[in-house]
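These notes concern the structure reproduced below.
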Amino acid sequence: MFLRRFAAPYKWNIVGSVLFNFLTMFLTVFSFAFIMPILRILFNLDTTSYVWKDWSEGQFQDVLINNFYWFVTQMIGRIGSTATLAVMATALIVATLLKVMAAYMSDYCVIPMRNGVVADIRNQMYSKIVSLPIGFYTHERKGDIMSRLLGDVGEIEASVAASLAGLVKNPIQIIGYLFVMVVLSWKLTVFVFILLPIAGWIMGTVGKKLKAASLDAQNMLGTILSTAEETIGGLKVVKAFNAETHMENVFESETAEYKRLSDSIQRRWTLAHPMSEFLGTIAVAVVLWFGGAIIISGETSIDAPGFIYYMVIFYSIINPAKELTKVGYTIRKGMAALQRVDKILNAENPIKDPEKPVKMPNELKEGGTVLFKNVNFSYDGERYVLQDINLEIKAGQTIALVGQSGSGKSTLVDLIPRFWDVAHGEVWVENNPVGKYTVNDLRSIMGIVNQEPILFNDTIFNNIAFGSPNATMEEVVEAAKIANAYEFIIDTENGFQTMAGDRGSRFSGGQKQRISIARAVLKNPPILILDEATSALDTESERLVQEALERLMKNRTTIVVAHRLSTIVNADLICVMQDGKIVERGTHHELLKHNGVYKHLVEMQSLSEG
Ligand code: ADP
Ligand code: MG
């Protein structure tokens, strides 16, 4: 269960909680014990004259009670009844103060454990999220994972607390109180034992009905949140299409539904309190009646003050008993949440490191080699997106991939850093299949610049130094200069310390792209993959970025996926892709002479740019 799985680092918290719970229980029992002699003696119910007994005379508890009474009668004799009453009341206050402090301390011990478990699970999930391959996220939606990180983890937290309350706090209290009750009057206690489960069952049933509806409300709240998020994200479109009113209507119907659900839930919730108070009072009344009858019949050793003490203890047992009935439900809910979390935590990562990895050569000055041997690849196991790919890329070469969108260019380059594993055939890097290296080693020799540059909401410096944690300021500046990014970066208000904003929102596409190129420059990878790095840009930014890229491509192996053919005329080899196959290959001039698909593509582009 939760505790067994997550509690190990928190064993001292649990020990502390157990100790303080025992202390709380004892202090509760004894703080009310002060009431008995006050009632007995002050109201002259007890006319025995007590004498001090030695601890060896009779049973310990009898002697203790006797001596306590002796002490009280002595005090009354000396300072009078009223003053004694005041002393006893003060003693009650002090004992209660100690009791609530102990109760607080037990919770104090539990809190770091609750929050610690939550943090542990979140961290485990996050490192799992980061480690899982890109392919995982086509099946598991992003929002789903977010709700597991927030909602499900929260439910697990509640369950951890409930497990502790159910296993430690409530049982200790209940057992302690029951013990006192049995000592006071076993007959009454047997009766209570029959009564309590019935009351508990009624309260539990009411509680369950409430919880079911509150789940609906939680789902509805999720819908509301996602509508709000979607609207804020797409606010430009909403405004451009004058769709404010439409979105408002959608949103208002959702909040109306949520209000309707919340109304009925909260009405029932507010009903729960009077209900349980009422049921509790019925229980007390029944015990009162039954206990009173026992006393009147004179059948038992319990007297009126003892009975009042008994009732106080009985009253104290109701709360933990009530809580105990809720624990099961909370734990079950948490288990369900844990299962959903485990689906992520236990998801298998198909991209594994080999058991005996080959070491990546350290010095790849002239770039690395890449080799595709009869590669066939399918995302879903049915439709082949790549077929019979054979391609040899020598160190230092620049290879271009061109072709219509959807022809498999991105898929092909994604196989090199092992974002996916091939089904048939092999991809080799530096004379070994990619699977022979550790994933970390393999990716350490590659730099990737995509069509959509990804920036993080951090400083420009950290965005550039992203894959190179030891980079100095000089190196970062140098990289920015090579990437044609230096000028606009120092024009921002804090230079390299300027925040990039959410996903780099404060920069234009071309600026973002140049920052991400600077990142690749700084990493200085032997193998560079450029997947349509310039196609989202206007002509002017493209010129700047292209310049930066050409500087970057020197002295390394480069695979360029190009949209605009003018950018690749100097490539050592151009591969034309169509429906997952390489249909033509050669240099720019060879392919033009060949008069095939490539020539057709070039003519189309010169027409459109014409
Ligand atoms: P290109 O980069 O040449 O435009 P892609 O390699 O992106 O082409 O896509 C090739 C084919 O694979 C397309 O038909 C596309 O729909 C499909 N595809 C791309 N990514 C995925 C994915 N993650 N899951 C399933 N199919 C995909
Ligand atoms: Mg693509």
Side-chain angles (χ1 to χ4, degrees), residues 129-145 347-351 370 372 374-391 393 398-425 427 434 439 443 446-454 509 512-513 516-517 520 527-537 542 545-546 549 558-568 571 573-585 591 596-598 600-602 604-605 608:
I129 287 172
V130 178
S131 80
L132 281 172
I134 294 159
F136 182 79
Y137 298 97
T138 51
H139 303 296
E140 302 288 328
R141 280 168 37 243
K142 183 181 117 201
D144 202 36
I145 287 174
E348 212 188 322
N349 188 348
I351 312 284
V370 178
F372 285 81
N374 294 318
V375 169
N376 290 282
F377 179 78
S378 163
Y379 284 106
D380 50 13
E382 285 170 19
R383 194 172 62 93
Y384 275 84
V385 173
L386 292 178
Q387 290 174 34
D388 300 325
I389 302 292
N390 282 291
L391 178 62
I393 306 169
T398 297
I399 304 290
L401 298 175
V402 301
Q404 295 155 334
S405 106
S407 57
K409 306 179 297 290
S410 299
T411 308
L412 194 144
V413 295
D414 279 353
L415 296 179
I416 305 172
R418 242 187 128 193
F419 287 148
W420 306 85
D421 270 342
V422 288
H424 306 288
V427 180
V434 283
V439 174
R443 292 182 188 159
M446 297 178 190
I448 300 169
V449 182
N450 288 98
Q451 179 167 1
E452 285 160 35
I454 308 280
K512 274 191 273 193
Q513 193 60 286
S516 80
I517 290 171
I527 298 177
L528 180 67
I529 297 171
L530 304 172
D531 189 351
E532 311 212 19
T534 59
S535 44
L537 308 179
E542 184 180 10
V545 172
Q546 189 62 35
L549 286 177
T558 313
I559 299 136
V560 199
V561 176
H563 181 72
R564 244 157 280 185
L565 304 177
S566 55
T567 57
I568 51 151
L573 182 72
I574 298 172
C575 297
V576 184
M577 293 196 64
Q578 211 169 40
D579 294 331
K581 296 193 187 106
I582 300 179
V583 291
E584 280 175 20
R585 61 178 89 197
L591 288 174
V597 187
Y598 183 75
H600 184 64
L601 286 173
V602 172
M604 298 255 287
Q605 279 201 359
S608 65

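Ligands are counted one by one from 1 in listed order, and the atoms in each one are counted from 1 as well.
Heavy atoms of T411 found under 4.0 angstrom from ligand 1 belong to the backbone as well as the side chain. When non-hydrogen atoms are compared, ligand 1 lies under 4.0 Å from neither the backbone nor the side chain of H563.
Not counting sequence neighbours, the partners of Q546 by the side chain to side chain donor-acceptor pair (under 3.5 Å) test are E550. Looking at residues two or more places apart in sequence or on another chain, you find a side chain to side chain donor-acceptor pair (under 3.5 Å) between S516 and Q513.
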Per-pair distances, 0.1 Å, donor-acceptor, side chain in residues 398-409, under 3.5 Å, sequence neighbours excluded:
| from | atom 1 | to | atom 2 | distance (Å) |
| --- | --- | --- | --- | --- |
| S407 | OG | Q404 | O | 2.6 |
| K409 | NZ | G403 | O | 3.0 |
| K409 | NZ | Q404 | O | 2.9 |

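The line from CG of D421 to CG of L415 is 8.5 Å long, rounded to the nearest 0.5 Å.
Looking at K409 next to ligand 1, an N or O pair under 3.5 Å apart turns up. At a 3.5 angstrom cut-off on N or O pairs, G408 counts as close to ligand 1.
Side-chain atoms of D388 and N374 form no donor-acceptor pair, as typed in the model, at a separation below 3.5 Å. In the model, D380 has a side-chain atom that pairs as donor or acceptor with a side-chain atom of S378 under 3.5 Å.
Inside a sphere of radius 2.8 Å centred on the Mg ion (ligand 2), the protein N/O/S atoms present are S410 OG.
Close to ligand 1: R383, with a non-hydrogen atom less than 4.0 angstrom away.
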